[in-house]
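On a predicted model such as this, the values are computed, not experimentally measured, just so you know. A note on names: the letters A, B, ... follow the listed sequences, proteins ahead of strands, and every chain is numbered from 1. FYI, side chains are in, hydrogens and waters are out, and symmetry mates aren't considered; it's all heavy atoms of this structure.
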Amino acid sequence: MPELPEVETTRAGLAPHLTGRRVLAATLRRPDLRWPIAPEIAAELPGQRIDAVRRRAKYLLLDTAVGSALLHLGMSGSLRVLPGDTPVRAHDHVDLAIEGGHVLRFNDPRRFGCLLWQAADSVHPLLAGLGPEPLSDTFDGDYLFALSRGRSVAVKSFLMDQKVVVGVGNIYVAEALFAAGISPVREAGKVSRERYRGLADAVRAILGHAIARGGTTLRDFISPDGAPGYFEQELSVYGRGGAPCPTCGRVLKQAMVGQRATVWCGHCQR
DNA sequence: CGAGAGGCCTGAACGC
DNA sequence: TGCGTTCAGGCCTCTC
């Protein structure tokens, strides 16, 4: 399931193949993913040159002069650049034929992803109101502390709120909370400034490390060149409920927090 | 407004 | 072996 590092890895992998090249045609094999595919993908994108491949939160944007294709990989989506005659497989929902003979192919078994359109000089509603990027200068412990005052929600849910900070999904929030020694069920408004500083540092360090390593691979992610990532074995708590804590050896707790599977150490995280 | 629940979707894992 | 059930999860949307 692509989290921010996987999306960034995808962006970096796609950019050399797409930047400066024109989209020649769009092939839609079904009309919708999570939402209907934007009509502009077929009506306006063909003929346009891709000026840049950008990322905002977990969204990818293919910028052209008239607007940007806006993609989200959802949970099971992947994008690959393939020779134009590569046979189509199950769940290959969209092809963008790229100048030079290749095709950008969007595969998404669960169809939690989307392919929308952002007109030039506008901001798509899905991108409006998003919180800061976790690796930007505006994201730090002081920011989290200030925003969390009076919030009774679990700190884990708080950190996964896209209005608070983007791109911190269920895997990395578990790892960051473990690294910072904070219980995921603690009320967001009751975490001290000092501990939020540690948490922000942990988020930065873990995401930065994962990006440098090419992203975590669990079940569904395939990086653009087809090679799987290899970060999984480094996870401390995610997916390890019932196993020993890597620090103290006690059994890791598992429970649902905010309707999400959550694992933590009741001894090391308070 | 905040908090929590619901829903989308399919494949893998599991139980009988 | 085969089939039904459960779970997973990003994140928008609805309800209270």
Side-chain angles (χ1 to χ4, degrees), chain A residues 1-11 29-38 55-60 70-79 89-94 106-116 118 123-134 144 146-177 184-191 203 207 210 215-222 228-229 231-232 235 237-242 254-263:
Chain A
M1 42 227 70
E3 296 217 27
L4 188 141
E6 286 80 1
V7 179
E8 178 57 28
T9 299
T10 296
R11 188 205 63 74
R29 297 193 183 82
R30 58 172 302 132
D32 65 302
L33 298 171
R34 175 173 184 173
W35 297 295
I37 293 170
R55 178 187 63 75
R56 173 71 174 110
K58 294 181 188 173
Y59 294 91
L60 289 170
L70 180 63
L71 300 100
H72 196 293
L73 299 177
M75 288 206 39
S76 58
S78 63
L79 289 165
R89 297 190 294 193
H91 313 301
D92 283 340
H93 302 309
V94 179
F106 191 171
N107 180 288
D108 187 4
R110 292 177 207 182
R111 288 193 281 123
F112 275 28
C114 61
L115 178 48
L116 303 171
Q118 175 174 276
V123 175
H124 192 280
L126 290 173
L127 301 188
L130 289 178
E133 291 286 328
L144 288 177
L147 200 59
S148 62
R149 292 310 90 184
R151 297 288 300 271
S152 62
V153 72
V155 62
K156 183 201 179 189
S157 302
F158 177 70
L159 207 60
M160 292 182 72
D161 184 339
Q162 301 297 296
K163 295 187 290 298
V164 174
V165 60
V166 301
V168 184
N170 202 39
I171 299 173
Y172 293 102
V173 73
E175 297 299 304
L177 287 165
V185 298
R186 178 167 294 280
E187 285 186 32
K190 293 186 175 177
V191 175
V203 168
L207 290 179
T216 305
T217 289
L218 292 181
R219 299 182 185 85
D220 298 313
F221 180 70
I222 306 265
F231 191 60
E232 181 175 7
L235 297 173
V237 288
Y238 178 83
R240 299 192 62 243
Q254 177 151 1
M256 297 300 279
V257 178
Q259 296 176 290
R260 289 288 171 264
T262 304
V263 180

*Pick base, sugar-phosphate or nothing for Gln259(A), based on heavy-atom distances below 4.0 Å to the nucleic acid.*
base
*To the nearest angstrom, how far is Met160(A) atom CE from dC11(C) atom P?*
8 Å
_dC12(C) phosphate, OP1 or OP2, under 4.0 Å from His72(A) side-chain N/O_ = no
*Please work out if Arg151(A) contacts a base, only the sugar-phosphate, or nothing of the nucleic acid, heavy-atom cut-off 4.0 Å.*
sugar-phosphate
*asked:* I need the CH2-P distance between Trp35(A) and dC12(C), as an integer number of Å.
replied: 6 Å
*Looking only at side-chain N and O atoms, does Arg111(A) come under 4.0 Å of OP1 or OP2 in dC8(B)?*
no
*asked:* Between Asp108(A) and His91(A) (side chain of the first, backbone of the second, donor and acceptor by atom type, cut-off under 3.5 Å), is there such a pair?
replied: no
*Evaluate whether the aromatic ring of Phe112(A) and the six-membered ring of the dC11(C) base sit under 5.5 Å apart, centre to centre, with an inclination under 30°.*
no
*Considering the options Arg29(A), Arg34(A), Arg30(A), which one meets the salt bridge (Lys or Arg N to Asp or Glu O under 4.0 Å) requirement together with Asp32(A)?*
Arg30(A)
*Please answer whether the main-chain N or O of Gly242(A) pairs with a side-chain N or O of Gln254(A) as donor and acceptor at a distance below 3.5 Å.*
no
*asked:* If you assign Leu33(A) and Gly258(A) each to the DNA chain B nucleotide with the nearest heavy atom, which residue ends up on the more 5' nucleotide?
replied: Gly258(A)
*Heavy-atom side-chain contact between Leu147(A) and Phe158(A) under 4.5 Å*: yes
_At 4.0 Å (heavy atoms only), tell me whether Arg34(A) reaches a base, stays on the sugar-phosphate, or touches nothing._
base
*For dC12(C), does OP1 or OP2 lie under 4.0 Å from any side-chain N or O of Tyr59(A)?*
yes
*Within this structure, what is the CE-to-P distance between Met75(A) and dC11(C), rounded to whole angstrom?*
10 Å
*Side chain of Arg110(A): nearest nucleotide among dG10(C), dG11(B), dA3(B)?*
dG11(B)
*Just how far, in rounded Å, is P of dG2(B) from CG of Leu147(A)?*
9 Å
*Roughly, in whole Å, what's the span from OH in Tyr238(A) to C1' in dC7(C)?*
11 Å
*Take atom NE2 of His124(A) and atom C1' of dC12(C), then tell me their distance rounded to the nearest Å.*
12 Å
_Closest-nucleotide mapping onto DNA chain C: is Arg260(A) or Gln254(A) further toward the 5' terminus? I mean the 5' end._
Gln254(A)
*If we only count heavy atoms from C-beta on, is the Glu187(A) to Arg151(A) side-chain gap below 4.5 Å?*
no
*Can you tell me how far P of dG9(C) sits from CE of Met256(A), to the nearest Å?*
8 Å
*Rounded off to whole Å, could you give me the CD1-to-P distance for the Ile171(A) and dG9(C) pair?*
8 Å
*Think Ser157(A) has a side-chain N or O under 4.0 angstrom from the OP1 or OP2 of dA3(B)?*
no
